[in-house]
Amino acid sequence: MSQSRPGRSDAATKPGGEATKPEGEATKPGGEAGESNESNAYAVGLPPLRRRICTVIALAGLLASLVVGQVVQAPTLWGLLPILLYAALCLLGLDIVVATVVAVLSGLLIAARPPTEVGELLGTSLGDLVTMIGLIIVLGAGVGEVLRVTGVADTIVSAIMRTVGERSRHAVTFGVMFACLVLVASLGTLAGALAIAAPILIPITARMGFTRSATASMMFVGGCAGLALAPFAGSNVAILTAANVDYLTYLRVGAGPLAVLSIALAMLIVPWMQRRTAAAGNDFYTAEEASDDASTGRNPKAGRATAAFLLLLVASVVYATVTNAGTAFPLLALPLLGIVTGFAGGLSSVEIAGRMYRGGARLLSIFVLFWLLAALFGIIDQWLKPYDVILDTFGSQLSHLGAFPFAVAIGLLGWVGVPGATAAQVVLLDKVFGGLGATLGVSASAWVIVLLWASKGDTYGPFPNANMIGAMGLARSQNLRNVLLTGWLVMVPACVMYAVLLAVMT
């Protein structure tokens, strides 16, 4: 795996090149490097044996649902069957959209409702908060395309690196991580942002004598920290909605400590990685890679567009925080960001619309996924009601379970969730365990930490994942183990930090 990815990312790291390939690769859990399917952001390539296993499980689950639907009445514990079926298929690596369709069909078969009621449920689900999060992700991708075309992303990275300068390796290390952090936080996507930043950053790190592995470590940690901070990233919006907190609270108790800890640790990890890999002598960039040819063909209005974007972004976050604007606010803020930035960057209204459509269209499958998830949760909550049975039967025993062990267990449970589907993971965990957590006395701030670490923790490890591979490939490295080591060295202290915070809060 580690040998095939870097070679495929070279084309994407050429100045002015499209960022779609690395972004597509990094967001396809379980997919092969050579696959390209822009119609489904969660497309995967399964081995024939595993595909047959998934087919057998899906068919057996649907058959069992059909039988159960004829003999049980709600509320029933059999309402957990769609969730269990969904989890099994996702853990086996099946396309998450297909797995969600199977789970929805399972729920419908158990509920045995007439077609008219099913149609009403699907229509109602289009206006659900879960579906809204999917639309926010699609709009964010559209804004990211506008930022790429107008040169805003390039300008942000270049300005940060000029400010930091090349005075020392420590300064460059911090500058690279901070540039990745800002760009990922602005775009709300790790792979797409790093694809834009890589052509600017690699010549700088190459001239300073950094190895490919050390550069990959900088980009990976900086990007992960930015993803945790991103105000309009789908998973973060889902956390704000689930915990019912504002963005400042989210930063204070959850994302802020993780970002600060990640950058601080990386200032120690990167020099260690540099010494470790420099000794081998075969991990350095070539002279051609150290030459900076990323400054050609830049938009002359990129500076103005950058200023407009940053001012409006800050104003939007401040407004949303002060007014306690809900999940619906990004539906206005994101298109406005794209429109204002596009006009400031010299694009016409037709070009802005086309670019936003092009960026969002790549993630249309995510909107469908969240619509189906909303329908699935509606079927379970409104029709099957298995959690009513659980609370009635085991409520007294569960009340004796401490809030701290419960919070830690749910945080770790997220690590076996769906790779690349963090927003869906947040929604699922909150729907299944949120009510129980509130019953046990888990506070909103503690729930922020639980959902954040459940959805972001497995980005750092313990196993290789798409974000690691994406950062490695974009840094033109071929050593996945070194990026994995970097993730572990951040993940373990972060686990300790969050455990302490949860112990205090619960």
Side-chain angles (χ1 to χ4, degrees), residues 75 77 79-80 82-84 86-87 90 100 103 107 124-125 127-134 136 233-247 249-250 253-255 324 326-328 369-370 372-418 421-458 498 501-502 505-506:
L77 279 177
L80 294 176
I83 293 291
L84 297 176
Y86 179 72
C90 288
T100 308
T124 304
S125 299
D128 193 271
L129 284 175
V130 177
T131 310
M132 196 180 300
I133 293 171
I136 288 170
S235 57
N236 298 343
V237 172
I239 293 173
L240 295 176
T241 303
N244 194 25
V245 298
D246 58 35
Y247 180 66
T249 301
Y250 168 78
V253 303
N324 290 321
T327 310
L369 166 66
F370 278 78
L372 292 172
L373 281 175
L376 175 62
F377 298 142
I379 293 168
I380 293 173
D381 292 341
Q382 300 172 29
W383 291 351
L384 302 179
K385 302 180 180 179
Y387 305 116
D388 291 355
V389 179
I390 293 176
L391 290 177
D392 290 341
T393 306
F394 305 105
S396 58
Q397 293 93 323
L398 291 174
S399 63
H400 298 296
L401 180 66
F404 176 71
F406 172 82
V408 171
I410 301 306
L412 294 177
L413 179 63
W415 290 17
V416 297
V418 184
T422 54
Q425 198 168 311
V426 168
V427 171
L428 183 63
L429 288 175
D430 181 62
K431 286 287 186 180
V432 175
F433 300 106
L436 181 56
T439 302
L440 294 175
V442 178
S443 66
S445 295
W447 198 234
V448 166
I449 293 177
V450 171
L451 294 179
L452 176 66
W453 197 233
S455 59
K456 298 288 196 300
D458 55 353
Y498 279 140
L501 289 176
L502 284 174
M505 291 179 180
T506 57

Query raised in the report: Can you tell me if T100 uses its side chain to pair, donor with acceptor, with the backbone of L369 under 3.5 Å?
Result: no
Query - Closest non-hydrogen atom pair, I133 against G234 - result: CG2-O, 3.6 Å
Report task. Begin from the C-alpha positions of L452 and Y498 and carry the test side chain to side chain contact (heavy atoms under 4.5 Å, CB included) through to its verdict. Result -> CA-CA 10 Å; L452 176 66; Y498 279 140; 3.2 Å; yes
Report summary line: Residue set satisfying side chain to side chain contact (heavy atoms under 4.5 Å, CB included) with A446, at least two apart, ordered chain then number -> V442, S443, L502, M505, T506
Query - Derivation and outcome, side chain to side chain contact (heavy atoms under 4.5 Å, CB included), residues Y86 and L428 - result: CA-CA 11 Å; Y86 179 72; L428 183 63; 3.8 Å; yes
Report summary line: In short, A243 meets A444 closest at the heavy-atom pair O-CB, 3.5 Å
Query raised in the report: When rounded to the nearest 0.5 angstrom, what distance separates CD1 in I239 from CG in L451?
Result: 6.0 Å
Query raised in the report: Of all residues at least two apart in sequence or in a different chain, which pass the ring-ring contact (aromatic ring centres under 6.0 Å, His included) check with Y250?
Result: none
Requested in this report: Would you please name every residue forming a ring-ring contact (aromatic ring centres under 6.0 Å, His included) with W447, sequence neighbours left out?
Outcome: none
Report task. Rounded to the nearest 0.5 Å, what's the gap from CH2 on W453 to CG on L501? Could you check? Result -> 11.5 Å
**Report entry** Partners passing side chain to side chain donor-acceptor pair (under 3.5 Å) against T249 (at least two apart in sequence or in another chain)
**Finding:** D246
Requested in this report: Could you check if a side-chain atom of F406 sits within less than 4.5 angstrom of a side-chain atom of L436, using non-hydrogen atoms only?
Outcome: yes
Report summary line: Tightest non-hydrogen contact, residues A238 and V427, listed as CB-CG2, 4.2 Å
Requested in this report: Go through N236 and K456 one step at a time and tell me if the side chain to side chain contact (heavy atoms under 4.5 Å, CB included) criterion holds.
Outcome: CA-CA 10 Å; N236 298 343; K456 298 288 196 300; 2.9 Å; yes
Query raised in the report: Is the backbone N or O of G435 less than 3.5 Å from a side-chain atom of T439, with the two atoms forming a donor-acceptor pair by type?
Result: yes
Scan the side chains in residues 372-386 for donor-acceptor partners under 3.5 Å anywhere in the protein, sequence neighbours excluded, and list what turns up.
none

Report summary line: N244 meets the side chain to side chain contact (heavy atoms under 4.5 Å, CB included) criterion, sequence neighbours left out, with none
